[in-house]
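Below is one structure, written out as structure tokens, with a few remarks after it.
We count ligands from 1, going down the list as the structure has it; atoms in each ligand are counted the same way. Remember, it's a predicted structure, so these values are computed and weren't measured experimentally. Positions are given from 1 along the sequence.
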Amino acid sequence: MPPALIQVFQSNPDAIRDELAQGLLASVPCIAPKYLYDPLGSKLFEAICELPEYYPTRTEAAILDANLAAIAEAAGEGTTLIDLGAGNCAKAAKLFPALRPRQYVPVDISIEFLREAMDALQKRFPGIAMLGVGVDFSNALVLPQQVARERRLFFYPGSSIGNFTPEQAVAFLHSLRAACTSADGGLLIGVDLVKDKDVLDAAYDDSLGVTAAFNLNLLLHLNRLLGADFNLRDWKHRGFYNETQSRIEMHLEARRSLTVRWQGGQRSFKEGERIHTENSYKYTKAAFVALLERAGFGNVRAWTDERQWFMVCHAQAI
Ligand code: AVI
């Protein structure tokens with residue numbers, strides 16, 4: 001039998017258009033990073049993960065591989081494994097033999113991203129109950145009642161937590177803590193660590209230009225969602241580490257003075273003016289543990305690589 005899938009809620013197109021227009025008209029124009037991920041954007045992100053400069057994906061995978069037994073010991077067997085932003089489910093699948101979850105709940109913005117991967121996974125692991133959930137959890141996590149309440153282990157890899165501001169990150173982690181219905185809940189999370197600016201700059205402005213394409217593709221997505229007339233040739237990618245804020249910033253910068261029009265609105269940009277498209281915060285171990293504690297998690301165990309570039313943490317709901 002194919003695994004069950006539930007789509008919880010999808011924003012309506014009018015609400016999306018309002019949100020995007022408001023962002024473009026703001027004094028500092030900005031668009032939420034989730035709009036980077038249309039079908040082409042998701043493929044470009046997969047390509048980013050293969051780039052020599054983009055170290056997070058492979059560093060995290062190596063940390064998980066090297067510490068599987070210790071992670072399983074910290075998290076325990078028989079959990080309800082809730083995989084946030086699961087996509088092709090590959091990262092969680094590597095944990096299955098060690099973690100032996102009772103129920104696997106991949107969550108992504110749309111169940112269409114999960115369907116194929118789950119079919120294949122259910123065949124490989126027929127003994128694990130699987131329930132795919134389509135929900136935009138970037139604002140709040142709403143889980144259907146079919147998700148088992150016992151021993152929830154939230155898996156949030158890839159340093160996606162860095163795409164929230166620290167305040168938003170605390171609120172989000174707090175919502176995960178609240179969704180751990182009993183004190184036996186936990187969190188397994190990947191966190192990108194503070195490091196040399198050169199390494200960070202190269203990771204977000206790679207020599208092949210894939211991150212530039214990923215960022216610029218947002219404008220094609222806006223053209224479709226908003227009926228806008230962005231011309232990609234008028235914009236350039238900016239991606240750099242802001243040391244003061246401890247974050248990567250991605251922007252799209254106008255190459256010349258221009259006006260963008262969309263259904264019901266327009267905005268003029270001067271040459272050099274930017275649209276802020278993403279932040280990716282980098283943490284020290286101490287700063288991130290403090291953030292977990294503010295959100296109601298404790299007993300943190302952390303694993304890193306030799307260069308201390310990336311960290312995987314297990315934390316218990318307390
Ligand atoms: C998904 N997220 C964790 C990536 C990051 O590193 O912040 C998104 C990304 N943006 C540019 N490159 C990768």
Side-chain angles (χ1 to χ4, degrees), residues 30-61 63-64 83-92 106-110 113 136-138 154-166 168-169 172-173 187-221 235-242 245-253 274-283 288 291 305 309-313:
C30 59
I31 297 291
K34 66 182 173 188
Y35 293 106
L36 291 162
Y37 300 92
D38 68 345
L40 177 56
S42 300
K43 290 205 172 79
L44 288 166
F45 179 62
E46 276 183 30
I48 286 175
C49 295
E50 302 283 326
L51 291 170
E53 295 99 326
Y54 193 75
Y55 59 85
T57 314
R58 74 180 68 88
T59 311
E60 181 183 58
I63 296 170
L64 288 170
D83 184 2
L84 299 171
N88 64 13
C89 307
K91 288 183 185 178
V107 180
D108 216 311
I109 193 156
S110 162
F113 292 142
D136 175 4
F137 60 86
S138 60
F154 288 97
F155 180 46
Y156 198 34
S159 78
S160 295
I161 194 70
N163 298 132
F164 293 105
T165 65
Q168 290 167 340
F172 178 69
L173 294 172
L187 170 68
L188 183 62
I189 188 165
V191 186
D192 199 11
L193 298 174
V194 170
K195 62 187 64 63
D196 273 4
K197 180 169 166 55
D198 290 353
V199 175
L200 287 164
D201 283 345
Y204 290 83
D205 192 8
D206 59 281
S207 47
L208 198 54
V210 182
T211 310
F214 173 65
N215 198 8
L216 285 161
N217 177 60
L218 174 80
L219 299 179
L220 291 181
H221 197 194
W235 297 86
K236 65 180 158 207
H237 164 68
R238 291 284 184 210
F240 55 85
Y241 186 52
N242 176 334
Q245 302 269 9
S246 200
R247 70 185 189 199
I248 290 284
E249 293 182 13
M250 287 211 317
H251 303 261
L252 289 162
E253 185 177 302
R274 290 170 175 179
I275 303 172
H276 194 162
T277 54
E278 189 182 59
N279 290 318
S280 190
Y281 280 83
K282 309 302 167 191
Y283 289 95
F288 195 76
L291 201 117
D305 54 295
W309 277 9
F310 201 93
M311 169 171 80
V312 173
C313 293

Can you list the steps and then say if N279 with E249 is a side chain to side chain donor-acceptor pair (under 3.5 Å)?
CA-CA 5 Å; N279 290 318; E249 293 182 13; over 6 Å; no
Does any pair with a residue in residues 197-212 pass salt bridge (Lys or Arg N to Asp or Glu O under 4.0 Å), and if so which ones, sequence neighbours excluded?
K197-D201
Tabulate below the donor-acceptor pairs under 3.5 Å that side-chain atoms of residues 45-53 make, not counting sequence neighbours, or state none.
{"unit_1": "E53", "atom_1": "OE2", "unit_2": "S207", "atom_2": "N", "d": "2.9"}
{"unit_1": "E53", "atom_1": "OE2", "unit_2": "S207", "atom_2": "OG", "d": "2.7"}

Sub-3.5 Å pairs, protein N or O with ligand 1 N or O:
{"unit_1": "ligand 1", "atom_1": "2 (N)", "unit_2": "N163", "atom_2": "OD1", "d": "2.9"}
{"unit_1": "ligand 1", "atom_1": "6 (O)", "unit_2": "Y54", "atom_2": "OH", "d": "2.5"}
{"unit_1": "ligand 1", "atom_1": "6 (O)", "unit_2": "Y204", "atom_2": "OH", "d": "2.4"}
{"unit_1": "ligand 1", "atom_1": "7 (O)", "unit_2": "N163", "atom_2": "ND2", "d": "2.9"}
{"unit_1": "ligand 1", "atom_1": "7 (O)", "unit_2": "S280", "atom_2": "OG", "d": "2.7"}
{"unit_1": "ligand 1", "atom_1": "10 (N)", "unit_2": "E278", "atom_2": "OE1", "d": "2.7"}

Should the pair Y204 and Y54 be assigned to parallel (<30°), tilted (30 to 60°) or perpendicular (>60°) ring geometry?
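Judged by the thresholds at 30° and 60°, the geometry between Y204 and Y54 is perpendicular.
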Could you label the plane-to-plane angle of the F137 and Y156 rings as parallel, tilted or perpendicular, counting under 30° as parallel and over 60° as perpendicular?
perpendicular
Go through the structure and list residues passing side chain to side chain donor-acceptor pair (under 3.5 Å) with Y37, not counting sequence neighbours.
none
